[in-house]
A.B. asks: 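Below is the structure I would like to discuss, written out as structure tokens.
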Number of protein chains: 2
Amino acid sequence: MVAAKAATQLGYTLLGLVLAKPQSGYALRKVFETTPLGNYSSSPGSIYPALKALEKAGLVERRSAAGGGGKQLFAPTSAGEAQFGEWLARPVDEEAMARHLDGVLLRFAFLQFDPDPGVSRDFLISFEAAAWARARALEAFLDGEAGRALSLHARLAVGHGLENIRSSARWAADARRQLGDKAEEGNDDEG
Amino acid sequence: MVAAKAATQLGYTLLGLVLAKPQSGYALRKVFETTPLGNYSSSPGSIYPALKALEKAGLVERRSAAGGGGKQLFAPTSAGEAQFGEWLARPVDEEAMARHLDGVLLRFAFLQFDPDPGVSRDFLISFEAAAWARARALEAFLDGEAGRALSLHARLAVGHGLENIRSSARWAADARRQLGDKAEEGNDDEG
DNA sequence: CCAACCATGTAAGCTGTTACATGATTGA
DNA sequence: TCAATCATGTAACAGCTTACATGGTTGG
């Protein structure tokens with residue numbers, strides 16, 4: 001049990017991508033170039049060092065590709081799969097909601113690889129709860145002593161955050177509905 | 001004209017705070033502790049080095065406080081004020097909208113210090129335009145080849161970003177209205 | 001043969017963080 | 001005098017970026 005070192009956010013992203021399909025560093029760069037994934041740079045200086053770190057941590061391994069040449073494919077190890085699953089299952093808390101929303105959404109996107117639809121459901125439930133909690137905190141701030149002392153500009157800026165959080169909460173409810181609709185085609189879970 | 005080096009985001013934040021009122025590093029830390037400003041750590045290891053960098057760049061200066069002891073106040077220099085004003089007046093582009101929204105909102109909050117209400121208005125106009133542009137870009141992505149190939153999870157994740165951007169755009173329109181209402185009490189600008 | 005793309009990497013640096021360290025002042 | 005708070009700072013590192021560097025392959 002080699003208690004693998006925690007991967008970085010970018011590391012988990014790469015782990016998720018090679019878990020979906022083993023691929024080369026170059027192919028991974030193309031993903032970052034062509035999709036709004038994370039918001040990470042697709043430059044080689046970002047991707048290759050991150051892959052190397054994952055390899056060193058024993059979370060991915062590289063295989064020589066069939067095509068020959070120096071080309072190589074990255075694939076997750078079993079430790080990598082396990083740690084990725086752990087990452088995915090983390091509940092969403094208010095702190096993550098406030099400061100690492102991008103990472104939280106990234107995690108949600110990768111929940112497609114969890115065979116248990118209950119994990120996605122739990123994720124969205126905790127997401128929505130954390131969002132409303134954060135919204136209440138911002139409302140309390142605006143209504144409190146410090147908040148009332150703010151200028152209109154500052155209040156509006158905080159209000160922007162509040163509106164975005166509310167939008168996120170509504171999104172979670174809607175996403176849960178959409179995933180539920182999809183699930184109904186197959187089986188049924190306790191509500 | 002000593003072309004002062006550009007401050008960092010945290011640097012501009014501190015610059016804005018000392019512009020509002022010259023204060024000590026400790027007092028600045030308290031602001032970060034008690035308000036959702038930026039999302040910066042209030043730890044001394046964040047604030048003091050940043051202040052030192054601003055001082056080195058000639059954007060703030062320190063004065064010994066009246067109270068005696070080692071206590072000192074930071075205040076903006078004229079170069080600091082000038083550069084802060086420049087920072088404030090930057091138009092909002094889609095790139096900033098997508099990747100540095102926090103910083104953009106921070107700038108808006110500090111626009112309270114610009115005596116010309118037209119700057120705030122222009123800011124919100126470009127903000128709204130950039131938001132809708134970003135929304136259209138995400139819509140185009142979802143409707144495009146790459147987007148349609150995504151799993152429901154991934155589509156929902158992108159959809160979250162889209163909803164947030166729309167929320168931001170609506171906020172800008174509302175904020176403009178609120179600032180306009182306030183302005184009507186005073187004078188009138190060409191519409 | 002040359003341009004375009006495939007493919008991989010290193011070096012240096014920026015921005016900010018946590019953890020550590022220190023000392024003065026104030027009030028119970 | 002002892003704890004809490006005021007007040008300032010450094011050291012080490014994390015995580016990512018840009019810029020640089022290199023070479024293979026493929027097609028016109």
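First the proteins, then the strands, lettered A, B, ... as listed; each starts at 1.
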A.B. asks: Specify the separation, in whole Å, of atom CD of Glu33(A) and atom P of dA7(C).
C.D. replies: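 Atom CD in Glu33(A) sits about 13 Å away from atom P in dA7(C).
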A.B. asks: Check the distance between dA11(C)'s P and Tyr48(A)'s OH and give it to me in whole angstrom.
C.D. replies: 17 Å
A.B. asks: Which heavy-atom pair separates Pro76(B) from Leu15(B) by the least distance, and what is that distance?
C.D. replies: CB-CD1, 4.4 Å
A.B. asks: Please report, rounded to the nearest Å, how far the P atom of dC14(C) is from the NZ atom of Lys56(B).
C.D. replies: 10 Å
A.B. asks: Check each residue of residues 38-45 of chain B for a non-hydrogen atom within less than 4.0 Å of any atom in DNA chain D, then write out the ones that pass by number, or none.
C.D. replies: Pro44(B), Gly45(B)
A.B. asks: Separation of Leu10(A) atom CG from dT18(D) atom C1', in whole Å?
C.D. replies: 15 Å
A.B. asks: Using the test salt bridge (charged side-chain N to carboxylate O under 4.0 Å, His left out), find all partners of Lys30(B) that sit at least two apart in sequence or belong to another chain.
C.D. replies: Glu33(B)
A.B. asks: For residues 47-55 of chain A, run the donor-acceptor check on the side chains, cut-off 3.5 Å, and write out each pair with its distance to 0.1 Å, sequence neighbours left out.
C.D. replies:
{"from": "Tyr48(A)", "atom 1": "OH", "to": "Tyr26(A)", "atom 2": "N", "distance (Å)": "3.4"}
{"from": "Glu55(A)", "atom 1": "OE1", "to": "Arg62(A)", "atom 2": "NE", "distance (Å)": "3.1"}
{"from": "Glu55(A)", "atom 1": "OE1", "to": "Arg62(A)", "atom 2": "NH2", "distance (Å)": "2.8"}
{"from": "Glu55(A)", "atom 1": "OE2", "to": "Arg62(A)", "atom 2": "NE", "distance (Å)": "3.0"}

A.B. asks: Ile47(A) near the nucleic acid: base, sugar-phosphate alone, or nothing, with a heavy-atom cut-off under 4.0 Å?
C.D. replies: nothing
A.B. asks: Rounded to whole Å, how long is the line connecting atom CZ of Phe32(B) with atom C1' of dC6(D)?
C.D. replies: 18 Å
A.B. asks: Of all the choices, dC16(D), dT10(C), dT8(D), which nucleotide is nearest to the side chain of Thr8(A) once you look at every atom?
C.D. replies: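 Among dC16(D), dT10(C), dT8(D), the one nearest the side chain of Thr8(A) is dC16(D).
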A.B. asks: Taking DNA chain C as the partner, which of residues 98-109 of chain B come within under 4.0 angstrom of it by heavy atom?
C.D. replies: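 Hits under 4.0 Å, by residue number: none.
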A.B. asks: Has Lys30(B) got a side-chain N or O lying under 4.0 Å from the OP1 or OP2 atom of dA7(D)?
C.D. replies: no
A.B. asks: Determine which pairs satisfy salt bridge (Lys or Arg N to Asp or Glu O under 4.0 Å) with at least one residue from residues 133-147 of chain A, sequence neighbours left out, and list them in order.
C.D. replies: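 Passing the test, one end in residues 133-147 of chain A: Glu139(A)-Arg166(A).
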A.B. asks: So, OP1 or OP2 of dC16(D): does either fall under 4.0 Å of a side-chain N or O from Ser46(A)?
C.D. replies: no
A.B. asks: Send over the distance from Arg29(B) CZ to dT5(D) C1', rounded to a whole Å.
C.D. replies: 11 Å
A.B. asks: Would you mind reading off the distance between Gln9(B) atom CD and dC14(C) atom C1', rounded to a whole angstrom?
C.D. replies: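 To the nearest whole Å, that distance equals 13 Å.
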A.B. asks: So, is Lys52(A) near the phosphate of dT8(C), with a side-chain N or O under 4.0 Å from OP1 or OP2?
C.D. replies: no
A.B. asks: Restricting to salt bridge (charged side-chain N to carboxylate O under 4.0 Å, His left out), what partner residues turn up for Arg177(A), sequence neighbours left out?
C.D. replies: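 Arg177(A) satisfies salt bridge (charged side-chain N to carboxylate O under 4.0 Å, His left out) with Asp174(A), Asp181(A) once adjacent residues are dropped.
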A.B. asks: For the side chain of Gln72(B), counting heavy atoms from C-beta on, which of dG9(C), dT8(D), dT17(C) is nearest?
C.D. replies: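 In terms of side-chain proximity for Gln72(B), the closest of dG9(C), dT8(D), dT17(C) is dT8(D).
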A.B. asks: Under the side-chain contact (heavy atoms from CB on, under 4.5 Å) rule, what do Arg176(A) and Ile125(A) come out as? Steps first, then yes or no, please.
C.D. replies: CA-CA 8 Å; Arg176(A) 203 142 73 82; Ile125(A) 288 172; 3.7 Å; yes
A.B. asks: Kindly write out the residues that satisfy salt bridge (charged side-chain N to carboxylate O under 4.0 Å, His left out) with Glu94(A), not counting sequence neighbours, or none if the list is empty.
C.D. replies: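 Partners of Glu94(A) by the salt bridge (charged side-chain N to carboxylate O under 4.0 Å, His left out) criterion come out as none, since no residue qualifies.
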A.B. asks: Calculate the interatomic distance between Tyr26(B) atom OH and dT25(C) atom P; express it in whole Å.
C.D. replies: 15 Å
A.B. asks: Please identify each residue that fulfils salt bridge (charged side-chain N to carboxylate O under 4.0 Å, His left out) with Glu128(A), with sequence neighbours left out.
C.D. replies: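 If we apply the salt bridge (charged side-chain N to carboxylate O under 4.0 Å, His left out) test to Glu128(A), skipping adjacent residues, there are no hits.
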A.B. asks: Please list all pairs meeting ring-ring contact (aromatic ring centres under 6.0 Å, His included) that have one or both residues in residues 81-110 of chain A, counting only residues at least two apart or in different chains.
C.D. replies: Tyr12(A)-Trp87(A), Phe84(A)-Trp87(A), Phe84(A)-Phe110(A), Phe108(A)-Phe123(A), Phe108(A)-Trp171(A), Phe108(A)-His153(B)
